[in-house]
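Accompanying notes for the structure given below.
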Number of protein chains: 2
Amino acid sequence: MKKTYSEENYLKTIYHISKSESKVSLKAIADVLENNPASVIDMLRKLKEKELITYDKTQGAILTVTGETVALDIIRKHRLWEVFLVEKLNYDWHEVHHIAEQLEHIHDEQLAKKLDDFLGNPAFDPHGDPIPASNGQMPVYANKRLSELKINQAGKVGSVRDTSTPFLKYLKQLNLGLGSKIEVIDKLDFDQSMVIVIDGSAPKTVSSKMTDNILLIID
Amino acid sequence: MKKTYSEENYLKTIYHISKSESKVSLKAIADVLENNPASVIDMLRKLKEKELITYDKTQGAILTVTGETVALDIIRKHRLWEVFLVEKLNYDWHEVHHIAEQLEHIHDEQLAKKLDDFLGNPAFDPHGDPIPASNGQMPVYANKRLSELKINQAGKVGSVRDTSTPFLKYLKQLNLGLGSKIEVIDKLDFDQSMVIVIDGSAPKTVSSKMTDNILLIID
DNA sequence: GTATTGAATTAGACAAAACTAATTACTTAT
DNA sequence: ATAAGTAATTAGTTTTGTCTAATTCAATAC
């Protein structure tokens, strides 16, 4: 069963939305892909036909096991290529997304594995997102940067990207460690700093430099 | 002016055909792309409209300066990616073509340059074909392996891929050096060995291992 | 010089993936 | 309970790149 470029993008998008929303609505997909809702419903029907998702108005779109496998495969390739672009070709991490969007759709049986080996089997992409394993399993730990959370979302600290001593000292001072629960109380637009609550204690303000380096487990 | 995947493939194909045939006929393009002649004529009209080629029945398709620039850019990317796949990802040289066919269409301003630098600015791809320069110039020298010549074709030695001492000694013994003229007299199907005439001297039989490592300038 | 073959061309259709505009179905606020 | 707003859906189009089938044009064979 060959998947088209477009089908792969829909599956990937559904996967991503499902990680931050309880329901993957047609509207949400249309917004992310910047497609017309009418186009989206056509594609959802097609994916349903192929048994890659289930869909109805009330449940929204849900990936089947096959669908999730395809989505994770695309995400794996996307993130591996991002590592390649940053580590080997010296791109800046913020420049690579639109290139990886294209590279993720290259089809070849052996490519992801060979690329993975060449890169030394990295666990994270340059944005700190975890790279799914070749068996199609997304590591449960550390799947989102704190800086990406919206107000009122919460998660547990899964890992830390910056492992320099000053940073770790700072975390200790905040009483923050692996497993700490963080809730986002507020987010300041002008400098992206956040007000957070750590394990239910008094709210603290932290910079975007800090929130970029904390990886959370979201349930 | 963004080019589609398909447009790029047509331009590339026209370029390739023009190097081995005096006229790029509609039929020839249809055969290479395995497309219906009716589809081909539509696309030729479109490319003509965009001033990437000129076309009429008697002259066939001819790339404009712009068209040739696009074609060479695609070929450059194709060959750079082939080098990457073979040298970095350890693919066999015969496995990489269909992957490079996809990779050559990745669009990004800086990508070819960065990839080229990462690979150490290679002059040839794994098949011995020269890699066009970033200014869109195809090196004139050494554009075909001897093994790819047909019976009665001829060329001048432009470069040698295997630079090991035993191989160079063997060439000396054959009285063959840069600039020598080689004519193909016969080609044996069963082992791909060739009977060649070097600078007009007596015909000699050489193995496919030898003919794979000689790169010729074809006028 | 006419018949045959092959190449080029036209006309019309189709599939994929998008669109616009109109309609229906829910949800929520008053 | 109804009006207003948002989400989902339907119907009909469009664009890109392909196809088949029929036709015209050109070269060559006899």
Side-chain angles (χ1 to χ4, degrees), chain A residues 1-14 17-18 20-63 67 70-71 74 98 101-102 104-105 107, chain B residues 1-14 17-18 20-63 67 70-71 74 101-102 104-107:
Chain A
M1 280 181 239
K2 221 170 31 189
K3 313 298 172 316
T4 67
Y5 190 103
S6 192
E7 282 171 13
E8 290 180 348
N9 272 337
Y10 272 87
L11 294 172
K12 183 185 65 167
T13 302
I14 292 166
I17 296 172
S18 75
S20 58
E21 318 280 332
S22 59
K23 175 188 161 183
V24 181
S25 67
L26 188 148
K27 173 84 165 43
I29 300 170
D31 286 348
V32 172
L33 292 174
E34 296 182 289
N35 273 355
N36 193 289
S39 315
V40 176
I41 205 170
D42 282 348
M43 182 55 92
L44 293 185
R45 258 192 281 266
K46 189 179 161 191
L47 295 173
K48 195 175 171 181
E49 198 62 42
K50 294 194 173 188
E51 299 188 32
L52 293 163
I53 64 167
T54 62
Y55 173 73
D56 68 79
K57 196 191 330 204
T58 41
Q59 300 280 149
I62 297 168
L63 294 170
V70 176
I74 300 299
H98 82 279
E101 289 279 301
Q102 301 172 62
E104 71 191 8
H105 301 291
H107 287 281
Chain B
M1 280 182 238
K2 221 169 34 189
K3 313 298 172 315
T4 67
Y5 190 103
S6 192
E7 282 171 12
E8 290 179 348
N9 272 336
Y10 272 87
L11 294 172
K12 184 185 66 168
T13 301
I14 292 167
I17 295 171
S18 75
S20 57
E21 319 281 331
S22 59
K23 174 188 161 183
V24 182
S25 67
L26 188 149
K27 173 86 164 46
I29 300 170
D31 286 348
V32 172
L33 292 174
E34 296 182 290
N35 274 356
N36 193 289
S39 315
V40 175
I41 205 170
D42 283 348
M43 182 56 91
L44 292 184
R45 257 191 282 264
K46 190 179 163 190
L47 295 173
K48 194 177 172 180
E49 197 63 40
K50 294 194 172 188
E51 300 188 31
L52 294 163
I53 64 167
T54 62
Y55 173 73
D56 69 79
K57 194 190 333 201
T58 40
Q59 299 279 149
I62 297 169
L63 294 171
V70 176
I74 300 299
E101 288 280 300
Q102 301 172 63
E104 70 191 9
H105 302 290
I106 303 292
H107 287 281

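This is a predicted model, so every value here is computed, not measured. So that the names make sense, note that chain A is the first sequence line, chain B the second, and so on, each numbered from 1.
Minimum heavy-atom separation, B:Lys3 to B:His107: O-NE2, 3.6 Å.
Taking every side-chain heavy atom of A:Met43 into account, C:dA18 is the closest of C:dA18, D:dT9, D:dC19. The side chain of A:Asn36 sits closest to C:dC19 out of D:dT10, C:dT9, C:dC19. Considering only side-chain atoms of B:Pro37, the nucleotide from C:dT9, D:dC19, D:dT10 that sits closest is C:dT9. Closest contact between the side chain of B:Ser25 and the listed nucleotides D:dA8, D:dT9, C:dA8 involves C:dA8. Looking at the side chain of B:Lys57, the nearest of the listed nucleotides C:dT9, D:dA8, C:dA21 is C:dT9. For A:Tyr55, the listed nucleotide lying nearest its side chain is D:dA8; candidates were C:dC19, D:dA21, D:dA8. Distances were taken from every side-chain heavy atom of A:Ser39 (C-beta onward) to each of D:dT9, D:dC19, C:dA18; the shortest belongs to C:dA18.
Put simply, CG on A:Leu26 is 18 Å from P on C:dT24, counting in whole angstrom units. If you measure from atom CG of B:Asp56 to atom C1' of D:dA26, you get 14 Å, rounded to the nearest angstrom. In this structure, B:Ile41 atom CD1 and C:dA8 atom C1' are separated by 6 Å, rounded to whole Å. The nearest whole Å value for the distance from the CD atom in B:Gln59 to the P atom in C:dA7 is 19 Å.
Within the structure, a side-chain polar atom (N or O) of A:Ser6 is placed less than 4.0 Å from OP1 or OP2 of C:dA18. Contact annotation: B:Arg45 side-chain N/O to C:dT10 OP1/OP2 distance is under 4.0 Å. Between A:Lys27 and D:dA8, a side-chain N or O to OP1/OP2 separation shorter than 4.0 Å is absent. Listed pair A:Tyr10 / C:dA16 fails the phosphate criterion, with no side-chain N or O lying under 4.0 Å from OP1 or OP2.
Across all strands shown, B:Asp42 has heavy atoms under 4.0 Å from base atoms, whether or not it also approaches the sugar-phosphate.
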